[in-house]
Asker: 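Encoded as structure tokens, here's the structure I'll be asking about.
Sequence positions, counted from 1, serve as the residue numbers for this chain.
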Amino acid sequence: MSIERIEPGSRMSQGAVHGNTIYLAGQVASDPVGTGVTAQTQNILVQIDRLLAVAGSDKDHILSATIYLADIGHFAEMNAAWDAWVSKDHPPARATVEARLCDPQYLVEIVIVAARLA
């Protein structure tokens, strides 16, 4: 079975598809400077929607999400954006953890695994 790379670069791809499973790289805000957790989360969710569409899927087909917060004290702010976006009929399995991210400007990073539409 082949592997399809989504937006490959020299270090990493934004996603990979194997069979009918889509694995997105950790997504961070495209412009984090001066933005808070809610705005960064909203920006990331737009990116996830776009990458899932490129891979032939959508948020209704997300299997799992792992959310990394630089400060778990911002859990409610992240959830405000997540709850407005997530499929109410098909919510994925999810974990949220506190982690030091690669740059202090990043407050949120989200990793997604989804099923490709049949």
Side-chain angles (χ1 to χ4, degrees):
M1 200 176 280
S2 66
I3 299 172
E4 174 189 340
R5 307 288 177 188
I6 301 167
E7 298 179 8
S10 60
R11 176 172 289 155
M12 60 179 273
S13 296
Q14 289 302 312
V17 181
H18 183 256
N20 286 323
T21 306
I22 302 161
Y23 304 88
L24 296 185
Q27 299 298 307
V28 294
S30 58
D31 185 12
V33 178
T35 60
V37 170
T38 301
Q40 285 193 24
T41 304
Q42 290 167 334
N43 179 266
I44 293 165
L45 297 174
V46 168
Q47 293 176 64
I48 289 169
D49 281 333
R50 183 186 66 75
L51 289 167
L52 288 175
V54 167
S57 191
D58 59 33
K59 66 184 172 186
D60 286 346
H61 293 82
I62 295 175
L63 302 171
S64 69
T66 304
I67 301 171
Y68 300 95
L69 290 174
D71 180 347
I72 202 70
H74 295 288
F75 187 70
E77 294 170 64
M78 177 278 301
N79 272 329
W82 177 269
D83 290 345
W85 173 82
V86 73
S87 172
K88 303 302 181 250
D89 295 328
H90 306 287
R94 190 186 102 171
T96 304
V97 297
E98 181 178 69
R100 186 172 7 173
L101 303 181
C102 67
D103 184 312
Q105 295 181 75
Y106 296 125
L107 306 176
V108 183
E109 183 169 346
I110 302 176
V111 178
I112 296 290
V113 177
R116 188 176 245 177
L117 300 173

Asker: Using atom types as modelled and distance alone, determine if a side-chain donor or acceptor of S64 lies under 3.5 Å from a backbone N or O of A93.
Answerer: no

Asker: Are Y106 and V97 connected into the same hydrophobic cluster when the rule is that any two of I, L, V, M, F, W, Y join if their side-chain heavy atoms are below 4.5 Å apart?
Answerer: yes

Asker: Could you check whether any side-chain N or O of D60 sits under 3.5 Å from a backbone N or O of H90, counting only pairs where one atom can act as donor and the other as acceptor?
Answerer: no

Asker: Within a strict 4.5 Å, meaning less than it, do heavy atoms of the V108 and L69 side chains meet?
Answerer: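 Counting from C-beta outward, V108 and L69 do come under 4.5 Å.
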
Asker: Applying the side-chain contact (heavy atoms from CB on, under 4.5 Å) criterion to L24, which one of I112, I110, I62 satisfies it?
Answerer: I112

Asker: By the definition side-chain contact (heavy atoms from CB on, under 4.5 Å), identify the one residue from T35, D31, V28, V33 that meets it with Q105.
Answerer: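 By the side-chain contact (heavy atoms from CB on, under 4.5 Å) criterion, Q105 pairs with just one of T35, D31, V28, V33: V33.
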
Asker: Please check this pair: side chain of R116 against backbone of A55, looking for a donor-acceptor N/O pair closer than 3.5 Å.
Answerer: yes

Asker: Write down the atom of E77, the atom of T38, and the distance for their closest heavy-atom approach.
Answerer: O-OG1, 3.0 Å

Asker: Checking the side chain of S57 only, and the main-chain atoms of A115 only, is there a donor and an acceptor separated by less than 3.5 Å?
Answerer: yes

Asker: Are side-chain heavy atoms of K59 and I48 found at a separation under 4.5 Å?
Answerer: no

Asker: Indicate, with yes or no, if V17 and L117 share a hydrophobic cluster defined by side-chain heavy-atom contacts under 4.5 Å among Ile, Leu, Val, Met, Phe, Trp and Tyr.
Answerer: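 As far as the 4.5 Å side-chain criterion goes, V17 and L117 are not connected within one cluster.
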
Asker: Can you see which heavy atom on R5 is nearest to which on A16, and at what distance?
Answerer: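 Nearest pair, atom of R5 first, then A16: NH1-CB, 3.9 Å.
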
Asker: Group every Ile, Leu, Val, Met, Phe, Trp and Tyr by side-chain heavy-atom contacts under 4.5 Å, then state whether I44 and F75 land in the same group.
Answerer: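 I44 clusters together with F75.
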
Asker: For residues A81 and Q42, report the shortest heavy-atom separation together with the two atoms involved.
Answerer: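 Shortest heavy-atom separation between A81 and Q42 comes out as CB-CG, 3.7 Å.
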
Asker: Ignoring hydrogens and geometry, is there a side-chain-to-backbone donor-acceptor pair from E7 to L51 under 3.5 Å?
Answerer: no

Asker: Is there a chain of hydrophobic side chains (I, L, V, M, F, W, Y, each step under 4.5 Å between heavy atoms) that links V54 to W85?
Answerer: yes

Asker: What I'd like to find out is whether the side chain of W82 reaches to under 4.5 Å of the side chain of T96, using heavy atoms alone.
Answerer: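 W82 does not reach T96 side chain to side chain.
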
Asker: Quick check: is V86 connected to M78 through a chain of hydrophobic side chains (ILVMFWY, heavy atoms under 4.5 Å apart)?
Answerer: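 Yes, M78 and V86 fall within the same hydrophobic cluster.
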
Asker: Report yes or no: does E109 contribute a side-chain atom to a donor-acceptor pair with the main-chain N or O of L107 at less than 3.5 Å?
Answerer: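 Checked: no pair found.
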
Asker: Hey, does R94 have a side-chain heavy atom less than 4.5 Å from the side chain of T66?
Answerer: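 Contact flag for T66/R94 side chains = no.
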
Asker: To the nearest 0.5 Å, how far apart are CG in D71 and CG in L101?
Answerer: 10.5 Å

